Amino acid sequence: MSDSIFEKIIKRQIPADIVFENDDIIAFRDISPQAPVHVLFVPKRRFDTLNDVPDNEALLLGNLLLAAQAYAKSIGIAENGYRLVMNCNSHGGQTVFHIHMHLLGGAPLTGGFA
Ligand code: DGP
């Protein structure tokens with residue numbers, strides 16, 4: 001299977017504005033921001049969609065949430081609030097098939113997010 005665009009970012013084969021990284025997770029600014037803060041939290045190990053994540057990866061999913069929470073606190077948007085979104089497959093509007101969670105914030109967010 002060829003690398004996803006996010007695997008290329010993880011391997012530094014294409015540039016990204018990386019804001020957080022540890023052994024399991026990388027976070028970088030979305031190329032097409034939908035809010036003043038729009039960061040993608042991405043597990044380094046690839047699962048194409050949320051449907052492909054097995055039961056024994058609960059810790060990874062939890063750590064993805066906690067990484068976003070910690071980052072939101074670190075940049076001062078946690079108190080006002082933010083939105084976390086994971087899109088799955090076509091009805092969810094998923095366009096990159098390497099699971100990722102959107103952190104959106106920095107201003108009041110209106111209705112939907114696609
Ligand atoms: P989704 O619809 O949930 O699959 O969102 C994929 C997001 O990935 C979309 O908001 C745009 C972002 N994106 C796609 N390609 C790149 C890229 O090369 N660099 C960065 N930083 N973001 C990307």
Side-chain angles (χ1 to χ4, degrees):
M1 189 193 307
S2 62
D3 278 351
S4 70
I5 194 96
F6 292 166
E7 285 169 303
K8 291 177 181 167
I9 289 173
I10 292 163
K11 294 177 181 175
R12 276 32 178 205
Q13 292 169 348
I14 63 169
D17 189 358
I18 296 166
V19 300
F20 170 80
E21 184 172 20
N22 66 18
D23 286 347
D24 302 316
I25 293 167
I26 191 167
F28 48 86
R29 293 187 207 286
D30 195 290
I31 204 167
S32 177
Q34 307 295 309
V37 175
H38 188 171
V39 172
L40 302 174
F41 287 80
V42 182
K44 290 185 175 178
R45 277 187 294 121
R46 177 178 178 178
F47 300 97
D48 284 5
T49 80
L50 191 56
N51 293 335
D52 301 310
V53 180
D55 290 351
N56 64 3
E57 294 289 359
L59 187 61
L60 177 66
L61 294 179
N63 283 337
L64 205 62
L65 284 165
L66 292 174
Q69 177 230 60
Y71 179 71
K73 287 181 178 174
S74 77
I75 62 166
I77 67 165
E79 196 69 25
N80 282 330
Y82 51 89
R83 181 176 296 163
L84 300 175
V85 176
M86 286 186 85
N87 296 323
C88 183
N89 278 336
S90 60
H91 283 194
Q94 185 176 4
T95 59
V96 176
F97 288 85
H98 179 146
I99 63 164
H100 51 281
M101 188 172 64
H102 299 254
L103 166 67
L104 297 137
L109 300 170
T110 53
F113 169 72

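One-based numbering, in listed order, for ligands and for the atoms of each. Here the structure is a predicted model, which is why all the values come from computation and not from measurement. Computed over heavy atoms, backbone and side chain alike; hydrogens, waters and symmetry mates excluded.
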Would you say the side-chain atoms of [X] pair up with the backbone N or O of [Y], donor to acceptor, closer than 3.5 Å?
X	Y	answer
Lys8	Pro15	no
Gln34	Ser32	yes
Glu57	Pro54	no
Asn22	Asp24	yes

query = Does Phe97 have a non-hydrogen atom less than 4.0 Å from ligand 1?
reply =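 False for this residue.
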inquiry  = Under 4.0 Å, counting heavy atoms only: does Gln34 come that close to any atom of ligand 1?
reply    = no
query = Do Asp48 and Ile99 come within less than 4.5 Å of each other through their side chains, counting heavy atoms only?
reply =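 No, their side chains stay 4.5 Å or more apart.
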Please check whether [X] reaches ligand 1 - meaning an N/O of the residue sits under 3.5 Å from an N/O of the ligand, judged on distance alone.
X	value
Ile14	no
Asp30	yes
Ala16	no

task = Would you kindly confirm whether Ile5 and Phe97 end up in one hydrophobic cluster when ILVMFWY residues are joined by side chain heavy atoms under 4.5 Å apart?
result = no
inquiry  = Counting only heavy atoms closer than 4.0 Å, does ligand 1 sit against the backbone of Asp17, its side chain, both, or neither?
reply    =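 Within the 4.0 Å criterion, Asp17 makes no contact with ligand 1.
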If the cut-off is 4.0 Å to any non-hydrogen atom of [X], which atoms of ligand 1 fall inside it?
X	value
Gln94	2 (O), 4 (O)
Ile5	18 (O)
Asn87	1 (P), 2 (O), 3 (O)
Ile9	19 (N)
Phe6	8 (O)

query = Is it true that Phe20 and Phe28 have ring centroids separated by less than 6.0 Å?
reply = no
request  = Examine His98 together with Phe47 and report whether their ring centres are nearer than 6.0 Å.
outcome  =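 Ring centroids of His98 and Phe47 are no less than 6.0 Å from each other.
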remark   = Candidates Val96, Asn89, Ile99; heavy atom nearest atom 14 (C) of ligand 1 found on Val96
key: Minimum non-hydrogen distance to atom 1 (P) of ligand 1, winning option of Arg29, His100, Met101   = His100
inquiry  = Exactly one of Leu65, Asn87, Ile25 should register a side chain to side chain contact (heavy atoms under 4.5 Å, CB included) with Met101. Which one does?
reply    =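 Result for side chain to side chain contact (heavy atoms under 4.5 Å, CB included) with Met101: Leu65.
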